[in-house]
Amino acid sequence: MSKHQVTITVNGQAYTREIESRLLLVHFIREELSLTGTHIGCDTTSCGACTVLLDGAAVKSCTVFAVTANGKQVETIEGVAQNGQMHPLQEGFWEKHGLQCGYCTPGMIMSAKHLLSKNPNPTEAEIRQGISGNLCRCTGYNKIVEAVQYAAEKLNADAREEIAS
Amino acid sequence: MTDKPTHFADRREHHSPKPAGVSQTVATSDTIRVTTPPEINGMGHRMKRKEDPRFLQGKGHYVDDVKLPGMLHMDIVRSPYAHARILNIDTSAALAIPGVIAVITGKDLEAHKLHWMPTLMSDTQMVLPTDKVVYYAQEVCCVIATDRYIAADAVESIVVEYDPLEPVVDPFRALEDKVIVREDKELKTNRVWHWEAGDQDATDRVFSEAAHTVKQYIYLPRIHVSSIETCGMVANYDSSMGKMQIYMTSQAPHAHRTVVALVSGLPEQKIQIISPDIGGGFGGKVPVYPGYVVCIVASLLLGKPVKWVEDRSENLQADSFARDYHMTAEMAADKDGKITGLRVNTLADSGCTDAAANPSKFPAGLYSICTGSYDMKAAHVNVDAVYTTKPPGGIAYRCSFRVTEAVHMIERLTDIMAHDLGIDPAEFRMMNFIKPEQFPYKSPTGWEYDSGNYHAALQKAMDMIGYAELRKEQAEKRTRGELMGIGISSFTEVVGAGPANDFDILGIKMFDSAEIRIHPTGKALARFGTKSQGQGHETTYAQIVAEELGLPAADVQVEEGDTDTAPYGLGTYASRSTPTSGAAAVMAARKIKAKARKIAAHLLEVNADDLEWNVNKWQVKGSPEQAKTIQEIAFAAYTNHPADVEAGLEATDYYNPPNLTFPFGSYICVVDIDKGTGEVHVRRFVAIDDCGNIINPLVVEGQVHGGLTMGLAPALYEEIVYDENGVCLTGTFADYLLPTAVESPKWETGHTVTPSPHHPIGAKGVGESPTVGAPPAITNAVVDALWHLGVRHIDIPITPEKVWKALRDAGVQD
Amino acid sequence: MIPGEFNYFAPTTLQEAVSLLTQHAGGAKILAGGQSLIPAMRFRLAAPETLIDINNLTELQYIREANGHLAIGAMTREASLRDSDLVHGRYHLLADAARVIADPIVRNMATVGGNLAHSDPANDHPAVMLAYNAQVVAVGPSGMRTIAIDDFFVDLFQNALHEDEILTEIRIPKPAANSGGAYVKMERKVGDYAISAVAVQLTLNGNTCSAARIGLTNVSAVPMRARNAEQALIGKQLTDDVIEAAGMAAGSECDPSPDLRGSVDYKRDITRVLTKRAVRAAIERVQ
C-alpha cells in the first residue's frame with residue numbers, strides 16, 4: 001500500500017496526514033477532516049455536488065486525488081462564511097429560495113463563487129453556463145440563477161463602497 | 001401480512017373513495033390570501049425558509065454524514081446477468097483481506113429466514129439470492145469491512161459463478177410465459193394482476209356510436225428519480241440496550257419502522273428510525289431496498305454500527321424505477337367534437353416483483369384519473385401487470401401514483417383529437433372542460449373532484465404567453481418551412497392519499513399526524529408524521545400554526561423524521577403532506593385554540609362564550625382591550641390554569657382526510673425545432689398552477705420550477721435503457737441524462753386559487769403537479785410543430801434523433 | 001466507486017518526470033488533469049501500477065506565440081484557453097472548442113495535453129488539432145522530438161508517443177492571412193461527449209478556398225480528418241452546393257458506431273449538417 005504524507009490547507013488551516021495515494025480528495029475532506037458539507041452525488045464526475053475550490057478554482061473533488069492537493073489551498077463550503085457573517089452568495093440563496101433539499105447547494109455555491117471571482121457581472125446565460133457542471137433536481141435552476149444575480153449585485157455594491165471609502 | 005396473496009386475482013370492482021359529500025361550488029380568485037401581519041408570517045407570506053442556514057453553511061446532516069465509533073462499511077457484489085442461477089460464491093480472497101470482517105450471502109440470511117422480504121404491495125422480494133438472480137446489478141452478497149476502500153477491494157475479489165438463463169426483457173413476450181421469472185410462486189406465470197376501472201359496457205356503447213375516434217399507442221419508458229443524494233443507511237444495534245437505531249434515507253420512517261419490526265422480529269419500541277436531512281426523495285426513498293435489510297442484519301449480528309451508502313451506478317441500475325406503462329388509448333367524440341368516452345388497455349412492466357409504492361387497493365395507483373379535466377359520459381381502463389427480469393418498477397416518481405401516466409395519455413389524446421378535427425387545441429379543451437358549476441364532479445371512473453376552474457387557468461396561461469400571436473407567428477413560419485410548435489397541457493392531479501376507507505399501505509391507513517406543544521414562554525414545538533426531503537416543511541408547517549394560533553412562525557420549531565418522538569405517519573410522497581399533516585396541524589391547533597379559550601376566560605374572568613378570536617388573542621366581544629395573547633395564555637397554562645382544565649397547552653391530531661384533493665393547472669409550451677439536427681428548443685413555457693390556498697408562495701414557486709425541470713427531463717432526456725440481455729445501459733449520469741441550468745428553460749409561472757372545500761385551510765398540495773403536467777405540454781408542442789408533416793405522436797424522451805427521423809420520413813432535411 | 005491501489009510519484013521537474021517514466025515504463029501512466037483517467041480508475045477500467053503526477057510541472061503551463069506558431073504547454077488547463085486573449089484573437093476554432101469541452105468545472109483541472117494524450121476520439125482536441133495541422137512535442141530519455149498531428153493518432157486510445165515519453169507542448173501553426181476556423185459540436189446536454197462535432201480551419205484566396213482541413217469528433221475509432229470533404233472545398237468557390245458536397249462527403253467518409261447517442265445513419269447525417277455549419281462559421285470568421 002502506497003502511503004504518503006501530505007499537508008493540505010483547508011479553509012485556511014493546514015492539515016498534515018498520512019494517506020493512501022488512491023484517497024480521493026472528497027473522502028479526505030469528508031472522512032479525514034470530518035467536513036461533511038461537501039457531498040457525493042455520482043461516480044462519473046457529472047453532478048458537481050463535490051465541488052470545492054483548489055487554489056481558487058472550482059474542481060470536482062471526487063475526481064482529484066488528495067495527494068495531488070499536497071501543498072495546495074482548498075476552500076470548502078464551511079469556509080465561505082467569514083467571522084460568522086454569511087457570504088453574499090449564501091445570503092442570495094437564502095433570500096431567493098435557491099435551495100430545497102440542500103444537497104447540491106454547497107457545490108453550487110463553490111461553483112458560483114469561482115464564477116463571480118472571474119466574471120463579476122455575468123449575464124443570465126453566463127450564470128447558467130457557469131453552473132452547468134452542477135446538477136440540481138429540486139429547484140429547476142431559476143432561483144439559483146436569481147441567487148447568483150443577487151450575490152453579484154451585492155458584491156459589486158460592496159466593492160464600490162470599499163473603493164469609495 | 002405475509003400470508004396475503006402475492007398477486008391480485010381478477011378484480012372487477014374498483015375502489016373509489018366515498019367522500020363526505022360537499023356540495024358547494026368554490027370560487028376562483030387570483031389573490032393569495034394573507035390575514036396575518038409579517039411578524040407572524042402566517043399563510044400567504046413569502047417567508048424565507050427556516051431550514052436554510054444549516055444547508056448554506058454545509059451543516060446539513062445527511063445519512064452519509066453520520067459517523068459512529070467503531071462503524072463498519074458495507075459494499076455489495078452485484079450480478080452482471082439479468083437472469084442466472086448462482087452456482088458458487090467464493091469469498092475466500094475477500095475474507096483474507098485485512099479489515100474485512102464478514103461476507104453475508106443469501107444462505108446466511110436463509111438461516112434466519114430473512115432471505116426474502118415482503119414488499120409494500122404484499123408481494124415478496126429477494127434480499128439476497130439463494131438460487132438465482134432476476135435483474136442485472138441485483139445484490140448477490142455483501143461485504144462488511146472497516147472502511148469503504150477495503151470493502152470495495154473485497155467486492156472486487158469475490159468470485160461468483162453463474163449459469164446464465166434466458167432473460168425476460170420484453171413485457172409483451174413475458175405474457176407468453178415461456179420463461180418464468182418467479183419460479184418461487186405456486187402459479188407459474190409472469191402475470192401479476194389484472195385491474196379495471198369504469199364501465200366497460202357503457203364505454204363500448206359510446207365508442208360504437210361515436211362520430212370520431214382516435215387511437216394511439218403511448219409508451220412511457222422507465223425512468224429513475226435520481227435525487228442527488230443516493231440511498232443509504234447506518235444501522236446501529238446496541239446489544240446492551242437491545243435497541244436498533246437506524247439512520248435511513250426514508251420518506252416514511254414510521255412505516256419503515258413497522259416493516260422492520262415485522263420482518264426482523266425486533267420489538268417495535270426498540271427500533272428507532274431517524275430520517276435526518278434527506279437530499280431529495282421524489283418517491284425513490286419509499287421502497288425497502290435489499291441493501292437496507294442486509295445492513296440491519298449485519299449490525300444485529302456484529303453488534304456494531306454498519307453504514308451502507310450506495311454509489312450512483314448502484315442507485316440507477318438496481319433501485320426501483322418509475323413508469324414503464326404501455327398504453328393503448330382511445331378517445332371517442334361526437335360530431336361537434338365533444339368528448340364522449342375514453343378506453344384504455346395498459347400493460348405494466350412490473351420488474352421482478354410488485355414493489356410499487358401504491359395504496360394497497362390501487363395496484364395501478366390513481367391511474368383511473370385519466371379522464372382528466374374533461375367531462376365525458378363513459379370510460380373504461382384495463383391494466384395488466386407482468387413480471388420481467390428487471391428491478392421493480394412502480395416508484396411514484398413525483399407523480400402521485402401513476403398520475404403522470406394518466407395525464408400524459410389524456411392530454412396526448414386530446415391534442416390528437418383536436419388536430420384530427422381541425423379544432424384549435426385550446427378551443428377544444430375549453431369546449432370539453434368540466435365546468436366550474438359541475439364541482440364537486442363525479443368522474444366516470446368514480447373520482448369526486450373537490451373543486452376546479454379549468455377555463456380560468458387555461459385562459460390565464462393563454463393571456464400570459466400571448467397565445468393568439470404565437471399561432472399567427474407559427475402560421476407565418478410554416479410558410480417558410482420553419483418548425484415551431486405550441487403545446488398545451490391542462491391537467492387535473494389527484495393527491496393527498498387518503499381517506500381511511502380506501503387508502504392503506506400494507507394495511508396501515510393513510511392518515512397523517514401533527515403534535516403541537518406550546519411551552520410556558522410562548523414558543524412551540526410541532527412534530528409530524530411526514531418527512532420533508534426539501535419541500536420546506538420546517539417553514540410551511542410553522543406558517544400553518546402561525547396562521548391558526550398567531551404564534552410567529554419563527555417561534556414554532558418543526559421536527560419530523562425521528563420515530564421515537566414524532567407521531568405516527570405515512571410519510572411524504574404523492575404530494576400528500578399538506579393535504580394530510582397540514583390538515584392535522586390545523587386541527588391540532590384548533591384543539592389548542594379551544595383550550596386556550598377556556599384559560600383566557602379564566603384569566604379575564606368572563607364566560608368562554610363572551611370571547612372572540614383575533615389573529616393571536618382571545619378578546620372580549622365588544623371590549624377588545626380586554627384580551628389575552630396566545631403567549632400569555634401559554635404561560636398561564638403552566639402557572640394559572642383553571643381547576644377544571646389540565647396543565648399544559650398541547651394537542652395531537654391524526655387526520656383522516658375525507659377525500660383526496662385535486663390540484664390542477666394549464667401549461668403552454670413553445671418549441672422551435674432545428675430541421676438539421678432534430679433538436680428541440682423550448683423557447684417559452686408558461687405554467688399556471690392552482691393548488692388551492694397557498695401557504696408560502698416562494699416555496700410553491702420553487703416546487704413548480706423544480707417539478708417543471710423534472711417534467712422536462714423525461715420529456716427530452718431521461719430513459720433507462722436495457723439491451724436484449726437485460727443489461728442496463730444507462731447506469732451512470734454519463735448516459736442517464738439530467739438537464740443542467742443550460743438545458744432547463746426560464747420557467748414562467750403564475751397561479752389561480754380555487755380552494756379545496758374539504759381541507760381545513762383550503763390547501764391542496766403542489767409538489768408533483770408540474771412533473772405531471774409538463775411532459776405532455778412539451779410533447780404536444782413538438783407534435784404540433786410536425787403535425788402538418790404527418791406526425792401524430794412521438795414517445796418521450798423526444799430525442800433529436802426521433803425528431804430527425806420523423807422529419808426525414810416526411811422528406812424534410814437541412 | 002473506489003480505485004485500486006497504485007504507487008505514486010509527484011515530480012517537480014520535467015527531467016524528474018521523464019526519468020520516473022523511463023524507470024516504470026509499461027506499468028506507469030502520467031496523471032495530468034485526471035478528468036478522464038480518474039473516472040476510469042474509479043470503475044477499475046484502468047488500473048495502472050504507478051501514477052506519475054505532473055500537476056506540479058508549472059513549467060508546462062503557458063500559452064504563447066513564438067516562431068510562427070501558438071505554443072501551448074501540455075499542462076495548460078482548458079479553462080486557461082478561455083481566459084487567453086491570444087486564443088480569442090486569432091484561434092477561433094480553439095476558442096470554440098474551449099467552450100464546449102466537458103463542463104466548466106472539469107475544465108479547471110483538465111489539460112490540453114491530457115486531452116490529446118488520452119487519444120479518445122470522443123475528446124474534442126484531437127479533431128481541433130487535426131484541423132490546425134498542429135504538432136505535438138514529446139520529451140523522452142533521449143531528448144525532444146516533434147510529431148505531426150497526422151501521425152499522432154494511431155488507434156483507439158493509442159498514439160505515437162513511446163512508453164517513456166511525455167507530451168510537453170502543442171504547436172498550432174499561426175493561421176495564414178484570410179483564414180478562419182470554427183468548431184461546431186452537437187451534444188445531448190452540457191458535459192456529454194459529442195454526437196458528432198466538426199472542426200474546420202480554412203483559408204480563402206479571393207473567393208476561392210485555397211486550404212482546408214477538417215477534423216471530426218466521435219464518429220470514428222481513431223480521430224480522423226474528413227479528407228474527402230476537404231477536397232470538395234479546396235480550389236473551389238464556396239457556394240451552397242460546394243458546401244453541401246463537403247457535408248455529404250464528411251457524412252459518408254466518417255465511421256460512427258451506433259450507441260445511445262444515435263444510430264449510424266443519424267450520426268452520419270449530423271456530421272453532414274455540422275460540417276456545413278462549421279464551414280459557414282469559419283468563412284464568417286475569415287480575417
Side-chain angles (χ1 to χ4, degrees), chain A residues 20 22-23 27 30-31 34-49 76-81 86-87 89-91 93-107 109 124-125 127-145, chain B residues 46 48-49 51-62 64-65 67 147-149 225-230 277-282 309 311-313 532-536 698-699 701-710 712-713 732-734 738-744 746-747 749 770:
Chain A
E20 281 190 78
R22 62 173 171 164
L23 183 68
H27 287 138
R30 289 182 52 80
E31 311 289 334
S34 296
L35 292 170
T36 56
T38 303
H39 299 141
I40 296 173
C42 78
D43 40 23
T44 46
T45 321
S46 310
C47 78
T76 71
I77 185 68
E78 288 92 342
V80 171
M86 289 215 289
H87 185 280
L89 274 167
Q90 291 166 311
E91 268 180 46
F93 271 72
W94 196 6
E95 287 293 327
K96 297 296 179 182
H97 188 36
L99 65 147
Q100 293 182 26
C101 81
Y103 201 75
C104 78
T105 308
I109 288 178
E124 173 161 352
I127 294 174
R128 285 179 180 270
Q129 276 151 22
I131 60 171
S132 62
N134 297 80
L135 294 177
C136 174
R137 284 295 255 174
C138 293
T139 66
Y141 302 109
N142 266 27
K143 291 181 181 301
I144 291 178
V145 171
Chain B
R46 296 176 73 89
K48 264 167 35 176
R49 294 196 334 167
E51 48 267 78
D52 287 358
R54 66 181 185 273
F55 297 130
L56 292 167
Q57 297 174 82
K59 300 278 189 248
H61 191 56
Y62 301 89
D64 198 18
D65 300 341
K67 274 190 199 127
D147 82 43
R148 73 178 81 207
Y149 279 54
V225 302
S226 303
S227 47
I228 305 298
E229 182 203 32
T230 60
D277 290 323
I278 306 289
F282 312 117
V309 175
D311 293 325
R312 176 62 59 186
S313 41
S532 177
Q533 319 103 43
Q535 294 91 331
L698 189 59
V699 166
E701 281 163 25
Q703 289 294 301
V704 174
H705 294 165
L708 289 174
T709 298
M710 252 185 164
L712 173 95
T732 71
F733 281 165
L738 303 185
T740 70
V742 168
E743 289 80 39
S744 186
K746 185 166 182 175
W747 305 113
T749 62

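Just so we're clear, the structure is a prediction, and the values are computed from it rather than from any experiment.
Interatomic distance, B/E701 CD to A/K143 NZ, rounded to the nearest 0.5 Å: 4.0 Å. Atom OG1 of residue A/T36 and atom NZ of residue B/K59 lie 7.5 Å apart, to the nearest 0.5 angstrom. Note that CD of A/Q90 and CG of B/D52 are 11.0 Å apart. Values are rounded to the nearest 0.5 Å. With rounding to the nearest 0.5 Å, the separation of CD in A/Q100 from CD in B/E51 is 10.0 Å. Residue A/N142 holds its CG atom at 7.5 Å from OG1 of B/T749, rounded to the nearest 0.5 Å. Here the SG atom belonging to A/C47 is positioned 7.0 Å from the CZ atom belonging to B/R312, to the nearest 0.5 angstrom.
Only the side chain of B/R148 comes within contact range of chain A, with heavy atoms under 4.5 Å apart. Both the backbone and the side chain of A/L135 come within less than 4.5 Å of a heavy atom in chain B. Proximity to chain A involves both the backbone and the side chain of B/L698, based on heavy atoms less than 4.5 angstrom apart. Of the atoms belonging to B/V225, it is backbone heavy atoms, and not side-chain ones, that fall under 4.5 Å from chain A. Looking at B/E743, neither its backbone nor its side chain comes within 4.5 Å of chain A, counting heavy atoms on both sides. Looking at A/T38, neither its backbone nor its side chain comes within 4.5 Å of chain B, counting heavy atoms on both sides. Neither the backbone nor the side chain of B/D277 comes within less than 4.5 Å of any heavy atom in chain A. Looking at B/Q703, both its backbone and its side chain come within 4.5 Å of chain A, counting heavy atoms on both sides. A/L23 touches chain B through backbone and side chain together, each having a heavy atom under 4.5 Å away. Neither the backbone nor the side chain of B/S532 comes within contact range of chain A; no heavy atom of the residue lies under 4.5 Å from a heavy atom of that chain. In this structure, chain B has a heavy atom under 4.5 Å from the backbone of A/T139, while its side chain stays farther away. At a 4.5 Å heavy-atom cutoff, the contact between B/Q533 and chain A is made by backbone atoms alone. Heavy atoms of B/K746 lying under 4.5 Å from chain A belong to its backbone as well as its side chain.
Side chain of B/E229 to main chain of A/Y103: no donor-acceptor pair is present (N/O by atom type, distance under 3.5 Å, no hydrogens or angles). Under the 3.5 Å distance criterion, the side-chain polar atoms of A/R128 are matched with a main-chain donor or acceptor of B/S744.
For A/H27, the side-chain hydrogen bond (donor to acceptor under 3.5 Å, both in side chains) partners are B/Y149, not counting sequence neighbours. Residues satisfying the salt bridge (Lys or Arg N to Asp or Glu O under 4.0 Å) criterion with A/E91, sequence neighbours excluded, are A/K154.
For the set B/G280, B/A734, B/S226, the entry with the most heavy-atom pairs within less than 4.5 Å of chain A is B/S226. For the set B/P739, B/S227, B/A713, the entry with the most heavy-atom pairs within less than 4.5 Å of chain A is B/P739. With chain A as partner, the option from B/R49, B/M710, B/R46 having the largest number of non-hydrogen pairs under 4.5 angstrom is B/R49. When the candidates B/D311, B/L712, B/V699 are compared by the number of heavy-atom contacts under 4.5 Å with chain A, B/V699 comes out ahead. Per-residue counts of heavy-atom pairs under 4.5 Å with chain A were compared for B/P53, B/G279, B/A741, B/G702; the largest is that of B/A741. Here A/L99 is the residue among A/L99, A/T44, A/T105, A/I131 with the most heavy-atom pairs under 4.5 Å with chain B.
Nearest heavy atoms, B/L56 versus A/I77: O-CD1, 3.3 Å. Across all their heavy atoms, A/A81 and B/Q57 have their closest contact at CB-OE1, 4.3 Å. Nearest heavy-atom pair, A/G41 versus B/F733, reported as atom, atom and distance to 0.1 Å: O-CE1, 3.9 Å. For the pair B/Y62 and A/G102, the tightest heavy-atom approach, listed with the atom from each and the gap, is OH-C, 3.1 Å.
For the pair B/D64/A/R30, a side-chain contact is recorded, criterion being any heavy-atom separation below 4.5 Å from C-beta on. Residues A/C101 and B/F55 have side chains not in contact (no heavy-atom distance under 4.5 Å, counting atoms from C-beta outward).
Heavy atoms from other residues, nucleotides or ligands lying under 6.0 Å from NZ of B/K48 number more than 12.
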Derivation and outcome, side chain to side chain contact (heavy atoms under 4.5 Å, CB included), residues B/D147 and A/E31: CA-CA 10 Å; B/D147 82 43; A/E31 311 289 334; over 6 Å; no
Evaluation steps, side chain to side chain contact (heavy atoms under 4.5 Å, CB included), between B/I228 and A/H39: CA-CA 9 Å; B/I228 305 298; A/H39 299 141; over 6 Å; no
